[in-house]
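Quick notes on the structure that follows.
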Number of protein chains: 2
Amino acid sequence: MSELPPIVDLRQSQTALKVQRGVMRLLRQTYDMCCFAEVPLANGRRADVLGVGPKGEIWIVEIKSSLVDFQVDRKWPNYKDFCDRFFFAKPPELDPDIFPAEEGLIVADGHDGAVLRHAPETPLAPARRKALMLKLVRLGADRIHTLMDPGPK
Amino acid sequence: MSELPPIVDLRQSQTALKVQRGVMRLLRQTYDMCCFAEVPLANGRRADVLGVGPKGEIWIVEIKSSLVDFQVDRKWPNYKDFCDRFFFAKPPELDPDIFPAEEGLIVADGHDGAVLRHAPETPLAPARRKALMLKLVRLGADRIHTLMDPGPK
């Protein structure tokens with residue numbers, strides 16, 4: 001268990017952490033999506049927030065805290081291979097028009113969030129959903145287990 | 001998220017908590033089972049330890065810390081409806097012969113554990129496994145989320 005990813009990525013900016021908190025509250029409270037932060041995916045990327053709905057729906061939210069943060073990322077479309085809906089999330093001060101008009105968009109701060117534009121649905125293939133669910137079950141269990149028991153002293 | 005079960009059940013005895021720790025270490029390290037503690041099941045009971053293997057195998061471990069603890073529980077067979085393998089777990093000082101000879105048995109303390117008798121496999125129906133996996137994904141996400149963000153102050 002020593003190589004588990006930390007729940008909070010210390011490389012994240014304070015702004016991104018606030019947006020993450022607001023996004024997770026929004027998804028949990030308004031959409032009944034249970035949320036993980038920092039989920040490693042099979043393609044080598046990490047999803048900032050990944051929510052799982054009551055019927056197994058999977059949403060991924062990619063946080064962009066600045067214009068340059070968005071501009072340098074050319075691989076964000078790859079997230080769509082791992083979710084039914086994909087959203088960008090931004091802090092309130094960032095211009096919403098920098099994001100592609102056809103993608104979902106969330107605004108959030110450290111307290112709450114709101115969906116500015118809902119994301120189109122592109123359902124996952126059943127085999128990929130099943131594999132992803134298994135991975136998430138084991139990720140969640142390991143993260144909690146590590147917190148409960150950091151291991152033999 | 002206010003009604004989430006705590007990760008550690010304060011009603012548990014110190015002995016049971018030590019056995020739980022040893023069981024979870026054993027399952028994680030030796031069998032690659034990622035473990036949850038205190039998992040509420042659809043039948044109203046809670047599994048002391050529930051492990052999920054790399055192929056989605058589900059094991060449930062019921063901890064009995066004393067003879068009376070075992071004797072008063074007449075509903076343990078119900079756990080078998082929610083797992084592929086079922087084990088009892090006991091502290092080292094408890095007589096292994098009090099447990100049914102046809103059931104799996106683990107001995108554990110606060111440091112480690114060992115399988116004394118492996119459990120027979122009774123595979124879950126696919127629909128129940130799928131429903132259980134979804135429930136576990138959401139349980140894990142919520143437990144971590146609550147730790148990350150206890151909610152708006």
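Proteins come first, then strands; the chains are lettered A, B, ... in the order of their sequence lines, and each starts at number 1.
Under the side-chain contact (heavy atoms from CB on, under 4.5 Å) rule, A:Ile63 has a single partner from A:Val19, A:Ile106, A:Asp69, which is A:Val19.
Look at B:Asp109 and B:Arg21 and you find no salt bridge, because none of the NZ, NE, NH1 or NH2 atoms lies under 4.0 Å from a carboxylate O.
Of the listed residues A:Gly140, A:Gly51, A:Pro54, the one with more heavy-atom pairs under 4.5 angstrom with chain B than any other is A:Pro54. Per-residue heavy-atom pair counts under 4.5 Å with chain A were compared for B:Leu136, B:Asp112, B:Val52, and the maximum is reached by B:Val52.
With a 4.5 angstrom heavy-atom cutoff, A:Lys55 touches chain B only via backbone atoms.
For residues 120-142 of chain B, no residue pair satisfies the ring-ring contact (aromatic ring centres under 6.0 Å, His included) rule, not counting sequence neighbours.
With sequence neighbours excluded, the residues forming a salt bridge (charged side-chain N to carboxylate O under 4.0 Å, His left out) with A:Asp32 are A:Arg28, B:Arg138, listed by chain and number.
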